[in-house]
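Comments concern the structure below.
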Number of protein chains: 2
Amino acid sequence: MFNIESTDNFSLILDSAKKRFCRYGLKKTTMTEIAGDIGLSKASLYYYFSTKEELFKEVVKQEHKTFLNEIEGLLSSVVPAEELFHIYLERRLIYFRDFAHLSSLSLESINSLKPVYARLFENLRKEEIRLVSKILEKGIAAQDFENLDIAYYSQLFIAIFQGLRHNVLIKKDTINITEIEYSLLQRQYESALKMFVKGIKK
Amino acid sequence: MFNIESTDNFSLILDSAKKRFCRYGLKKTTMTEIAGDIGLSKASLYYYFSTKEELFKEVVKQEHKTFLNEIEGLLSSVVPAEELFHIYLERRLIYFRDFAHLSSLSLESINSLKPVYARLFENLRKEEIRLVSKILEKGIAAQDFENLDIAYYSQLFIAIFQGLRHNVLIKKDTINITEIEYSLLQRQYESALKMFVKGIKK
DNA sequence: TTTAGACTTTCTAACTAAAAAAGTCAAATG
DNA sequence: CATTTGACTTTTTTAGTTAGAAAGTCTAAA
């Protein structure tokens with residue numbers, strides 16, 4: 001979950017921020033704490049990041065990018081589209097569990113989330129749609145899938161699985177997901193993917 | 001959406017409460033207002049309903065029952081299971097739009113909703129799962145569907161479509177759903193149903 | 001049995017002040 | 001020059017506080 005130790009302050013700040021944001025969320029993490037973690041003063045943080053918001057966005061973006069890159073790297077491989085979907089969803093669930101606090105913002109959003117974060121998460125969603133589009137393209141090119149409306153089906157795909165994730169959070173008041181909830185979600189993901197693929201297969 | 005005018009006070013209260021809860025939600029509706037609508041004193045309301053919470057629950061339950069009964073009535077008809085799913089989802093969307101304010105509680109729930117309402121909505125969800133189970137049963141009995149795990153698949157069914165609905169609300173800060181969002185949801189419902197049925201068909 | 005006026009209790013919205021956290025900057029360090 | 005910081009200002013959050021509103025109660029009357 002937390003990778004290599006970095007050396008430069010920029011990365012050290014991101015690392016510490018990531019840990020704290022994941023554990024305590026945006027609101028319950030202070031700039032002073034992050035600075036303290038790596039033996040810097042708060043003022044120094046502002047040398048690297050203009051605002052707390054900026055820092056948070058950077059953490060979220062980077063984590064998401066790492067996640068997407070992992071899948072994207074397989075796009076040009078021989079792995080078939082269906083298997084790519086499987087891998088994508090598998091990793092997506094792990095990402096969901098580990099970074100629930102980051103995306104828990106999307107829960108706060110229901111009330112009164114600053115538009116800037118709404119835009120951030122909307123962008124991440126769009127990037128995932130783009131990735132799914134590419135997988136669909138690959139499947140169509142390989143004659144695995146029908147020649148369908150890629151834009152629509154990738155949007156649908158993301159909507160279904162995001163929806164399933166939300167069902168887990170919606171009832172709860174804590175962010176932590178139990179093993180039972182997680183394994184049910186896993187099973188639902190498998191079933192839903194099976195249906196989705198069957199629905200678009202040639 | 002709002003049916004026959006009732007005569008007894010019990011029903012008059014429910015009618016007025018329904019209208020106000022749908023339009024303004026639970027918090028923005030006062031017992032005095034409801035009483036005023038039908039020319040009763042607030043104290044009289046408490047003769048029929050012990051608490052505001054009780055009244056609200058009664059309204060939600062009744063509306064949901066009306067919705068479910070409509071579909072349940074078709075269970076013993078010649079309408080095939082697949083068509084029942086179609087009808088169910090069609091009505092479910094209308095119900096969703098018209099009573100968004102009622103179920104908007106499920107949004108408030110994310111923060112700090114009293115467990116009693118959480119239980120209420122959980123019960124409604126369970127009743128819908130039960131209905132879907134019956135449709136599945138019918139399909140299996142008619143040899144339309146595979147002999148699958150009914151409990152699991154009805155839960156999955158509800159999860160998928162509830163999830164899709166949530167995707168619409170999650171971004172918004174208002175409860176009102178635009179025509180564009182609604183028609184996309186309609187289309188997603190159709191696609192998802194198609195896949196679901198294809199996935200379990202014999 | 002049903003209703004309502006007058007009542008009490010509970011909740012909420014709007015303030016406040018104090019504390020905490022965000023954010024700034026000139027000077028210092030190396 | 002790039003980086004860091006202590007001391008600073010500004011903004012936000014929190015914890016009271018209070019007044020008004022709304023929930024909820026009760027007794028007497030129709």
Side-chain angles (χ1 to χ4, degrees), chain A residues 6-60 101 104-105 107-109 111-118 120, chain B residues 6-60 101 104-105 107-109 111-117 120 173:
Chain A
S6 309
T7 46
D8 58 305
N9 281 344
F10 185 86
S11 305
L12 283 171
I13 294 168
L14 277 177
D15 284 350
S16 166
K18 179 170 71 179
K19 282 176 189 159
R20 287 200 176 265
F21 286 146
C22 282
R23 192 179 199 98
Y24 306 109
L26 174 64
K27 276 182 66 176
K28 291 286 185 190
T29 299
T30 73
M31 294 298 265
T32 309
E33 284 167 346
I34 296 170
D37 284 348
I38 54 175
L40 276 184
S41 78
K42 183 184 57 164
S44 297
L45 255 58
Y46 284 92
Y47 178 74
Y48 296 98
F49 298 93
S50 60
T51 61
K52 184 187 184 183
E53 194 175 292
E54 206 56 48
L55 174 55
F56 179 78
K57 277 161 61 179
E58 197 54 42
V59 167
V60 173
H101 253 116
S104 81
L105 255 182
L107 291 185
E108 297 178 33
S109 77
N111 301 333
S112 56
L113 186 55
K114 281 183 189 172
V116 57
Y117 293 119
L120 170 64
Chain B
S6 308
T7 46
D8 58 307
N9 281 345
F10 185 87
S11 306
L12 283 172
I13 293 168
L14 277 177
D15 285 349
S16 166
K18 179 170 70 179
K19 283 176 190 161
R20 287 201 176 267
F21 286 146
C22 283
R23 191 176 200 100
Y24 306 109
L26 175 64
K27 276 182 66 176
K28 291 287 186 190
T29 299
T30 73
M31 294 297 265
T32 311
E33 284 168 346
I34 296 169
D37 284 349
I38 54 174
L40 276 183
S41 79
K42 182 182 58 163
S44 297
L45 253 59
Y46 283 92
Y47 177 75
Y48 297 97
F49 298 94
S50 60
T51 61
K52 185 187 183 182
E53 192 174 293
E54 206 55 49
L55 174 55
F56 179 77
K57 277 162 62 179
E58 197 53 43
V59 167
V60 173
H101 253 116
S104 81
L105 254 183
L107 290 186
E108 295 179 35
S109 78
N111 302 333
S112 56
L113 187 55
K114 281 183 188 170
V116 57
Y117 293 120
L120 170 64
D173 48 354

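Proteins get letters first, then strands, A, B, ... in listed order; numbering begins at 1 in each. Atom set for the values below is all heavy atoms of this structure, side chains included, hydrogens, waters and symmetry mates excluded.
Leu55(B) has its side chain within reach of Phe21(B): a pair of non-hydrogen atoms, C-beta onward, lies under 4.5 Å apart. At a threshold of 4.5 Å between non-hydrogen side-chain atoms, the residues Lys19(B) and Asp37(B) do not count as touching.
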(message) Under the criterion side-chain contact (heavy atoms from CB on, under 4.5 Å), I'd like the reasoning laid out for Leu14(A) against Phe49(A): C-alpha separation, chi angles, the key distance, then a yes or no.
(response) CA-CA 10 Å; Leu14(A) 277 177; Phe49(A) 298 93; 3.9 Å; yes
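Ser44(A) has no side-chain polar atom (N or O) that falls below the 4.0 Å cut-off from OP1 or OP2 of dT4(D). Not one side-chain nitrogen or oxygen of Asn9(B) sits closer than 4.0 Å to the OP1 or OP2 atom of dT1(C).
Atoms CE and NZ, from Met31(B) and Lys42(B) in turn, are 8.5 Å apart once rounded to the nearest 0.5 Å. Expressed to the nearest 0.5 Å, how far OG of Ser11(A) lies from OH of Tyr48(A) amounts to 10.0 Å. In this structure, CD1 in Ile38(A) is found 6.0 Å from CG in Leu45(A), a value given to the nearest 0.5 Å.
Spacing between atom CZ of Arg20(A) and atom C1' of dA21(C) amounts to 14 Å, rounded to whole angstrom units. As a whole-Å value, the separation of Phe56(B) CZ from dG24(D) C1' is 19 Å. Taking atom CG of residue Leu12(A) and atom P of nucleotide dT3(D), one finds them 13 Å apart after rounding to whole Å. Summarising the geometry, the separation between CZ on Phe10(A) and P on dA2(D) is reported as 17 Å, rounded to the nearest angstrom. The OH atom of Tyr47(A) sits 4 Å away from the P atom of dT3(D) (whole-angstrom rounding). If you take CD1 of Ile34(A) and C1' of dA21(C), they are 12 Å apart, rounded to a whole angstrom. Atom P of nucleotide dT2(C) and atom CG of Asp8(B) are separated by 10 Å, given to the nearest angstrom.
The end-to-end axis angle of the helix from dT1(C)-dA30(D) to dG30(C)-dC1(D), rounded to 10 degrees and based on five pairs per end, is 40°.
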I'd like a list of close polar pairs between nucleotides 22-29 of chain C and the protein, N/O only, cut-off under 3.5 Å.
unit_1  : atom_1 : unit_2   : atom_2 : d
dA22(C) : OP1    : Met31(A) : N      : 3.4
dA22(C) : OP1    : Lys52(A) : NZ     : 3.1
dA22(C) : OP2    : Met31(A) : N      : 2.9
dA22(C) : N7     : Lys42(A) : NZ     : 2.8
dG23(C) : OP2    : Tyr46(A) : OH     : 3.2
dG23(C) : OP2    : Lys52(A) : N      : 2.8
dG23(C) : N7     : Lys42(A) : NZ     : 2.9
dG23(C) : O6     : Lys42(A) : NZ     : 2.8

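Among the heavy atoms of the strands, none lies under 4.0 Å from Phe49(B). Backbone-only contact: Tyr48(A) has heavy atoms under 4.0 Å from sugar-phosphate atoms and none from a base.
For the pair Lys28(B) and Glu33(A), nearest-nucleotide mapping onto DNA chain C gives the more 5' position to Lys28(B).
The two residues Glu54(A) and Thr51(A) have their closest heavy-atom pair at N-OG1, 3.0 Å.
For the side-chain contact (heavy atoms from CB on, under 4.5 Å) with Arg20(B), the qualifying choice from Val59(B), Ile34(B), Leu26(B) is Ile34(B), the only one to do so.
At distances below 3.5 Å, not a single donor-acceptor pair connects side-chain atoms of Ser16(B) with backbone N or O atoms of Leu12(B).
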